[in-house]
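Take a look at the structure below.
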2 protein chains.
Amino acid sequence: MAITGDQERLLYKIAKAYYEDGFTQGQIGKRFGISRIKVSRLLQQARQEKLVQITVISPEDSHADLERELESTYGLDEAVVISPSSAEKPVVTAELGPAAVGCLLRCLQGDGVLSVSWGSTLLSVVDAVPVKHWPDMTVVQVMGGLGRPEAEVHGNDIARRMAQAFGARPRLISAPGIVASKMVRDSLLADPQISDTMALSAKSDVAMVGIGVPVPDSVVMQAGAILAEEVEQLKARGAVGDVALRFFDKDGQPIKHEINDRIIGLDLDQIQRIPRVIGVAGGAEKFEVIRAALRGKFINVLVTDDRIAARLLEKP
Amino acid sequence: MAITGDQERLLYKIAKAYYEDGFTQGQIGKRFGISRIKVSRLLQQARQEKLVQITVISPEDSHADLERELESTYGLDEAVVISPSSAEKPVVTAELGPAAVGCLLRCLQGDGVLSVSWGSTLLSVVDAVPVKHWPDMTVVQVMGGLGRPEAEVHGNDIARRMAQAFGARPRLISAPGIVASKMVRDSLLADPQISDTMALSAKSDVAMVGIGVPVPDSVVMQAGAILAEEVEQLKARGAVGDVALRFFDKDGQPIKHEINDRIIGLDLDQIQRIPRVIGVAGGAEKFEVIRAALRGKFINVLVTDDRIAARLLEKP
DNA sequence: AACGGTATTGTTCATTTGAACGGGCGGTGT
DNA sequence: ACACCGCCCGTTCAAATGAACAATACCGTT
């Protein structure tokens, strides 16, 4: 049905009164002698007919639209895209940190439980955290420490330093992330200290995780936590990378491997149940893992660089 | 405080999600990990900072903006401006009719009480009323009939025809609008038939009135209802015209004159108390009266032509 | 380091708004 | 002419929104 000139004028005046003059629909109805609900419907119509146009100005130098596309394509709660000042891996990693912290600060307001995993990217996140004093907050490890027993630093270290920066309580897992056998793991899990911490982690409000690729020079390998042989087995089964040491293939399907039974840390199901999982990763070599992690829906927030973002949107 | 680039990006994404994707503030808050109220405030900010622009497209060939200016300048509920196809008085009058009917139809929905006054302009309104069948509606005269006793047609006639067109109940005042003396009026008012009708008129939902100028050739004068002498007296006291035979000066101040005591019809106070008084008038010679009627706030809806509208806005 | 002022945050509550439902009107076809 | 169908309207109710208030944290100053 075409709108008559008379109708249109009414629509215009009502829309102006509502959107520009700030009258309520009820007031407008009284003024023009029509019911409130009719004003509501006329406004609907005016929007539908594009007589009312609502424009949101996009900020210049930002990837807001790219982010929105990522969000809708992969069903993310939020995507954050940065433009690294260089494509060098350390630079990219270092610049992801502050962006990730921005996300973190927005949803952590002085309390709650934050789980952190491990990785070189997370190191840069820790470095970017501003000093706070949030004694009601808890930072908990999402998995055991990594590295050889005698140098079991990083896993604990990141959580510890994160807690320190926030002025929060640290809850550390005093056990390695990977142990020699299922039996060892089971006996460690019998320790309430450890199992309670893991239970806490499973119920945390926010998790911040890195996304790893099994390359020979990665810190995980260097640390000797995983043997080259095991990596080959995982790759043979389609693994493209991991979140918190849980490997998955390019479609985000978890890989079955006996190593899973030797890990002290949340599994992918548990991670998915955390309300907000922030994944931080960038750099060309991580493209496939990141895409896989998105497909598997292991994270709801992605912090990455613009090249990855562009590639993630290349083909449906 | 300047908005940082980070803030701005968040504002953008929230505004997009709200205005374009139609998410509620609560949903957005959950997605981005902030409280609902904060989303509300950020949206406020975004509107304030003009990151969100709401544009209402003005219809082409219409006087919508002129009307809006009239509405705000004179505190009207509504102004309707038409472009007569010619400046000839009969043409202007004839074309005001349909516009006035448009207003009328919008707020009368099958029931209620409509008061009508009298005048050549109202005649054209009556002619424009589409046939309806609204038996719950009442059309009542706002004042007695006009014209010499033996040709007491118009006043009654307009109300009667209006009622007929609407398929409504007519409530006519079987008395002249102006009588010879206060005494006569008082005795007529003692008749419940008459006083009840006037009481009904005073409580009507909508009134439609013309706005008159005391020119020698006006129908009022021709009808002999008012003597030329009386018109001169009224003019001498500053009268610029009337609504329902109640005269006022150029500032909308009622004129005191003994004729007021001989009128059978609502006074200006009573008219002002009617929730919606639609004044219909156009043509150059009526400019001053119309402005006066607006100043006196005797009407809340004005239907007029574009020339008058423009002149009404000339100077503050 | 203590203080006060300012800004920002969340809570509560009233208002505003839109969705679902049911009734009535007008138009249409037989 | 009558019945049927679809559209439009208002009512009711739940959801969404914004305002007022109080508490808290953060800032600069003394």
Side-chain angles (χ1 to χ4, degrees), chain A residues 1-4 6-7 10-11 14-15 17-49 52 54 102 104-112 129-137 165-168 205, chain B residues 1-4 6-8 10-11 14-49 52 54 102 104-112 129-137 165-168 205:
Chain A
M1 182 187 75
I3 33 172
T4 89
D6 213 29
Q7 271 278 5
L10 184 61
L11 285 184
I14 286 179
Y18 187 74
Y19 285 108
E20 298 198 354
D21 304 341
F23 289 105
T24 70
Q25 300 183 353
Q27 292 174 313
I28 296 171
K30 228 168 63 184
R31 249 186 74 172
F32 290 94
I34 55 186
S35 70
R36 182 194 67 73
I37 194 69
K38 189 159 184 180
V39 175
S40 176
R41 284 172 179 145
L42 288 172
L43 285 171
Q44 268 187 321
Q45 194 187 344
R47 274 171 307 217
Q48 205 173 356
E49 314 251 10
V52 174
I54 300 183
L104 209 49
L105 288 179
R106 194 182 309 133
C107 48
L108 288 176
Q109 284 300 330
D111 57 0
V129 173
V131 175
K132 296 280 168 186
H133 183 67
W134 290 349
D136 291 338
M137 174 179 169
F166 278 117
D205 305 297
Chain B
M1 183 190 73
I3 33 175
T4 88
D6 214 29
Q7 270 278 7
E8 193 180 351
L10 183 62
L11 285 184
I14 286 179
K16 277 270 190 183
Y18 185 74
Y19 286 108
E20 298 199 353
D21 304 341
F23 289 105
T24 69
Q25 300 183 354
Q27 291 174 313
I28 296 171
K30 226 167 65 185
R31 251 186 73 171
F32 290 93
I34 54 186
S35 69
R36 183 194 65 74
I37 194 68
K38 188 159 183 180
V39 175
S40 176
R41 284 173 180 145
L42 288 172
L43 285 171
Q44 268 187 318
Q45 194 188 343
R47 272 170 306 209
Q48 206 174 356
E49 315 250 9
V52 174
I54 301 183
L104 209 50
L105 288 179
R106 194 182 309 133
C107 48
L108 287 177
Q109 284 299 330
D111 57 0
V129 173
V131 174
K132 296 279 166 186
H133 184 67
W134 289 350
D136 290 340
M137 174 181 169
F166 278 117
D205 305 297

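Every chain is numbered from 1, with letters handed out A, B, ... down the list of sequences. The analysis underlying the following values was restricted to heavy atoms, covering all of them including side chains, and did not include hydrogens, waters or symmetry mates.
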If you restrict it to nitrogen or oxygen atoms, what contacts under 3.5 Å exist between nucleotides 13-18 of chain C and the protein, and what is each distance?
{"residue": "C:dT17", "atom": "OP1", "partner": "A:Tyr18", "partner atom": "OH", "Å": "2.8"}
{"residue": "C:dT17", "atom": "OP2", "partner": "A:Gln25", "partner atom": "N", "Å": "2.8"}
{"residue": "C:dG18", "atom": "OP2", "partner": "A:Gln25", "partner atom": "OE1", "Å": "3.4"}
{"residue": "C:dG18", "atom": "OP2", "partner": "A:Gln25", "partner atom": "NE2", "Å": "2.6"}
{"residue": "C:dG18", "atom": "OP2", "partner": "A:Ser40", "partner atom": "OG", "Å": "2.9"}
{"residue": "C:dG18", "atom": "N7", "partner": "A:Arg36", "partner atom": "NH2", "Å": "3.4"}
{"residue": "C:dG18", "atom": "O6", "partner": "A:Arg36", "partner atom": "NH2", "Å": "3.1"}

Quiz item: Is there a side-chain contact between A:Ile54 and B:Glu20 (heavy atoms, below 4.5 Å)?
Solution: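 Sidechains of B:Glu20 and A:Ile54: no contact.
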
Quiz prompt | Closest-nucleotide 5' rank along DNA chain D - winner of A:Arg41 and A:His133 | solution =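 That would be A:Arg41.
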
So how far is it from [X] [atom1] to [Y] [atom2], rounded to the nearest 0.5 Å?
X	Y	atom1	atom2	result
B:Lys16	B:Ile28	NZ	CD1	13.0 Å
B:Leu11	B:Leu43	CG	CG	8.5 Å
B:Asp136	B:His133	CG	NE2	9.0 Å

Separation of [X] atom [atom1] from [N] atom [atom2], in whole Å?
X	N	atom1	atom2	answer
B:Leu108	C:dC25	CG	P	16 Å
B:Lys132	C:dG27	NZ	C1'	13 Å
A:Asp111	D:dT24	CG	C1'	13 Å
A:Leu105	C:dT9	CG	P	12 Å

Quiz item: Honestly, is B:Arg106 close enough over A:Phe32, meaning NZ or CZ under 6.0 Å from the six-membered ring centre and within 45° of the axis?
Solution: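 The answer is no; the distance or angle limit is not met.
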
Quiz prompt | Short side-chain to backbone donor-acceptor contact, B:Gln27 and B:Thr24, under 3.5 Å | solution =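 The answer is yes, because a donor-acceptor pair under 3.5 Å joins these two groups.
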
Quiz item: Quick one: is D:dC9 close enough that its OP1 or OP2 comes under 4.0 Å of any side-chain N or O from A:Lys38?
Solution: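 Yes, within the criterion.
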
